[in-house]
Amino acid sequence: DTAVSQTPKYLVTQMGNDKSIKCEQNLGHDTMYWYKQDSKKFLKIMFSYNNKELIINETVPNRFSPKSPDKAHLNLHINSLELGDSAVYFCASSQGRTSGGWSTDTQYFGPGTRLTVL
Amino acid sequence: AQKVTQAQTEISVVEKEDVTLDCVYETRDTTYYLFWYKQPPSGELVFLIRRNSFDEQNEISGRYSWNFQKSTSSFNFTITASQVVDSAVYFCALSEAENTDKLIFGTGTRLQVFP
């Protein structure tokens with residue numbers, strides 16, 4: 001009955017490889033997010049999607065490409081991995097947006113995926 | 001510009017002590033939301049509380065309490081009678097209603113509770 005799940009939990013790979021992280025939520029939420037937590041624990045948003053539509057793209061290198069096949073899934077594909085991509089990546093979801101166009105709802109986070117690039 | 005400052009990098013206490021984690025925020029919006037999340041050693045991010053800018057009432061939930069003061073742009077978190085299980089990194093976060101739905105996090109405060 002996990003609310004927001006991510007796979008894999010750990011990912012170790014070589015520089016230059018391409019990898020994907022999957023996220024699924026069973027909360028019926030409309031909006032999903034990707035956050036990056038660096039080695040100093042600093043959390044920063046990367047992307048958000050609302051009903052499969054990209055809403056936020058926070059100047060993330062275009063090697064990172066989110067894909068939302070449906071509103072319950074938001075996957076993150078990373079091309080040509082670099083050492084600096086090593087981090088914990090969190091997926092999150094929230095209920096949705098008001099008629100004014102912004103989300104006020106609490107974001108619930110997945111367990112995180114620890115990516116290590118060697 | 002929006003910003004969240006958690007000046008305390010690390011706090012150590014002994015069990016049963018009370019501890020307050022400070023959070024100061026900056027925003028130009030009049031409508032905004034403040035959050036606290038807990039990240040235990042296992043790594044997940046656990047939602048604790050959300051307050052909107054129009055509700056300055058303090059909140060208590062068991063041993064946890066929150067003090068929201070707009071006059072000082074602060075949203076402090078107090079744990080009463082701390083326990084070892086409270087050991088975690090605690091993040092304060094802000095979202096501004098008018099722009100995006102992105103959460104702006106503080107840098108976190110690591111709380112260590114010793115038996």
Side-chain angles (χ1 to χ4, degrees), chain A residues 2-6 8-10 23 27 29-51 53-60 87-115, chain B residues 1-6 8-11 21 23 27 29-55 59 61 66 75 87-112:
Chain A
T2 306
V4 182
S5 60
Q6 295 178 228
K9 189 165 173 62
Y10 299 97
C23 178
L27 296 167
H29 288 168
D30 289 334
T31 307
M32 295 184 72
Y33 311 79
W34 279 108
Y35 285 81
K36 179 180 180 180
Q37 185 174 44
D38 64 22
S39 58
K40 295 184 178 177
K41 295 280 194 181
F42 184 62
L43 273 155
K44 188 172 179 191
I45 192 166
M46 301 171 69
F47 302 101
S48 78
Y49 269 73
N50 178 260
N51 268 320
E53 180 187 345
L54 180 66
I55 304 297
I56 297 173
N57 182 340
E58 281 285 302
T59 59
V60 176
V88 180
Y89 292 86
F90 285 97
C91 177
S93 72
S94 67
Q95 189 162 350
R97 306 174 80 75
T98 67
S99 58
W102 40 267
S103 172
T104 64
D105 290 307
T106 300
Q107 294 182 27
Y108 294 93
F109 285 78
T113 295
R114 181 175 294 278
L115 170 64
Chain B
Q2 62 272 40
K3 187 178 176 183
V4 175
T5 300
Q6 294 179 255
Q8 303 150 309
T9 307
E10 189 160 340
I11 301 175
L21 310 181
C23 173
T27 177
D29 279 0
T30 55
T31 304
Y32 52 90
Y33 295 80
L34 295 164
F35 303 79
W36 277 94
Y37 284 85
K38 174 182 179 179
Q39 187 173 38
S42 49
E44 70 272 26
L45 279 163
V46 179
F47 164 73
L48 295 178
I49 189 171
R50 180 186 76 166
R51 300 299 276 175
N52 73 55
S53 51
F54 301 114
D55 183 1
E59 177 137 351
S61 175
W66 290 269
F75 185 44
S87 297
V89 180
Y90 291 87
F91 292 95
C92 181
L94 164 75
S95 68
E96 295 174 325
E98 288 215 1
N99 296 323
T100 68
D101 47 11
K102 70 180 183 183
L103 276 177
I104 298 136
F105 282 89
T107 48
T109 297
R110 180 181 298 277
L111 173 65
Q112 293 200 70

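Small disclaimer: the values here were computed from a predicted structure and weren't measured. In what follows, chains are A, B, ... by sequence order, proteins preceding strands, each numbered from 1.
- In this structure, no portion of B/Tyr32 lies under 4.5 Å from any heavy atom of chain A.
- Around OH of A/Tyr10, the count of heavy atoms belonging to other residues, nucleotides or ligands within 6.0 Å does not exceed 12.
- For B/Glu59, the CD atom counts as densely surrounded, since its 6.0 Å shell holds more than 12 non-hydrogen atoms of other residues, nucleotides or ligands.
- Taking CG of B/Leu103 as the start and OH of A/Tyr35 as the end, the distance is 4.0 Å to the nearest 0.5 Å.
- Sparse packing is recorded around CZ of A/Arg114, with 12 or fewer heavy atoms of other residues, nucleotides or ligands lying under 6.0 Å away.
- B/Gln39 has its side chain out of reach of A/Phe109: every pair of non-hydrogen atoms, C-beta onward, lies at least 4.5 Å apart.
- Within 6.0 Å of atom NZ in B/Lys38, more than 12 heavy atoms from other residues, nucleotides or ligands are found, so the atom counts as buried in its surroundings.
- If you take CZ on B/Phe35 and CD on A/Gln107, they are separated by 7.0 Å, rounding to the nearest 0.5 Å.
- For A/Tyr108 and B/Phe47, the distance between ring centers is under 6.0 angstrom.
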